[in-house]
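Notes to accompany the following structure.
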Amino acid sequence: MKRAHALIGAALSGTLLVSACSASDGGTAKSDAHGAPTSREVTAGKRGDDVKDFTHALPIAKYEYTPAQERLIARAKDALTRGCMQRFDLGYHPADTDITDTPTPSDRRYGISDPREAERYGYHLAPSPQTVPVPSTDPSYPVLYGAVSTFDEKEVPKGGCRAEAVHTWEKERPTTKAADVAREIAVNGFRKSLSDPSVLKVTKQWASCMKAEGFSYPSPLAPPRDFDLDTPAVPDDEREVAVADLSCKKKTNLLNVWFNAESRIQRADIQANKARLAQLSTEHGKVAEFARSTGSAPSKASPSNGG
């Protein structure tokens, strides 16, 4: 089954950004009171030569968790997992990896954006480094991931201790009622940008460029639909289209034009929702403090309730 729609859907919903503003919510960075563009908003986040992370450089991304807050939350979930494992007299020692150093996939909010990935993988997703899981031969594995229903005559939570920890975190952490505002801005900003005059103009320029290269597409979001992105092998014609796609994006400056248009839209929406977003920042602070106390508190070996 083709995954083109999944890639386009990720752009439409702004999944990376939305998940950061809801489940992870956002950081406490302040937005410009007058909605004026900052250098970060205009240039986007660099990922190397001519490769940018547009999604996380958009104005609403200021309301993501900060790296420090993300570390606190990760440690809180680890502490909850450890407490569950202790009920079974098992240890839990997660790798002490800084999540801010974890590579993220190249940005595809406006279609593919990394020339090197286009040349090698076409529209396929490039392989991402995987964290090393607990080996299935480790005695803690069945309890950690719920591979068994009982262990040492004790009921194992559904999905294992890790699933229980995530469930407990989501249930007990402070609520973030204002997260919906950030989510709506992230989603609606992209949708509104589709009809922005500057985006419509540059899209036509991109389409003309692609036609000159021998390809007929109405939008940079369209090419992936022509290819089966579930196949392990990347066909040459897919690479050819992807390389032309990136070349035309560079010639027309499409990525930056689209990014700046969506940024303008988001800044206006942020300005109109300043009070709610300020509330969100306060709520994020409460979540971070709860995470701090959860991560530093002694583990509780309470009886298992099965999930």
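Because only heavy atoms are used, hydrogens play no part in the values below, and waters and symmetry mates are left out as well, while side chains stay in. In what follows, residues are counted from 1 in the order of the sequence shown.
- Using a 4.0 Å cut-off between charged nitrogen and carboxylate oxygen, Asp78 and Arg75 do not count as a salt-bridge pair.
- Judged as a salt bridge (charged side-chain N to carboxylate O under 4.0 Å, His left out), and not counting sequence neighbours, the contacts of Lys251 are Glu213.
- Residue Tyr217 holds its OH atom at 10.5 Å from CZ of Arg225, rounded to the nearest 0.5 Å.
- Residues satisfying the salt bridge (charged side-chain N to carboxylate O under 4.0 Å, His left out) test with Glu289, not counting sequence neighbours, are Arg292.
- Here Asp114 contributes atom CG and Asp53 contributes atom CG; the two are 11.5 Å apart, rounded to the nearest 0.5 Å.
- Under the rule for a salt bridge (charged side-chain N to carboxylate O under 4.0 Å, His left out), Asp152 has no partner lying at least two apart in sequence or in another chain.
- Using modelled atom types and a 3.5 Å distance limit, the side chains of Asp107 and Ser113 yield no donor-acceptor pair.
- In this structure, a donor-acceptor pair under 3.5 Å is present between the side chains of Glu238 and His124.
- Considering CZ of Phe215 and CG of Asp245, their distance stands at 10.0 Å, rounded to 0.5 Å.
- The ring-ring contact (aromatic ring centres under 6.0 Å, His included) search around Trp206 returns none, not counting sequence neighbours.
- Residue Cys84 holds its SG atom at 9.5 Å from CG of Leu90, rounded to the nearest 0.5 Å.
- For the atom pair CZ (Arg109) and CG (Leu221), the distance works out to 11.0 Å, reported to the nearest 0.5 Å.
- The pair Arg120-Glu117 does not count as a salt bridge, with every side-chain nitrogen at least 4.0 angstrom from each carboxylate oxygen.
- Scanning for salt bridge (charged side-chain N to carboxylate O under 4.0 Å, His left out) contacts around Lys77 gives an empty result, with sequence neighbours left out.
- Judged purely by distance below 3.5 Å, without hydrogens or angles, the side chains of Gln86 and Tyr92 never pair a donor atom with an acceptor atom.
- Legend: residues meeting ring-ring contact (aromatic ring centres under 6.0 Å, His included) with Phe290, ordered by chain and number and at least two apart, are Trp169.
- A salt bridge does not link Asp180 to Arg276: none of the charged nitrogens lies less than 4.0 Å from a carboxylate oxygen.
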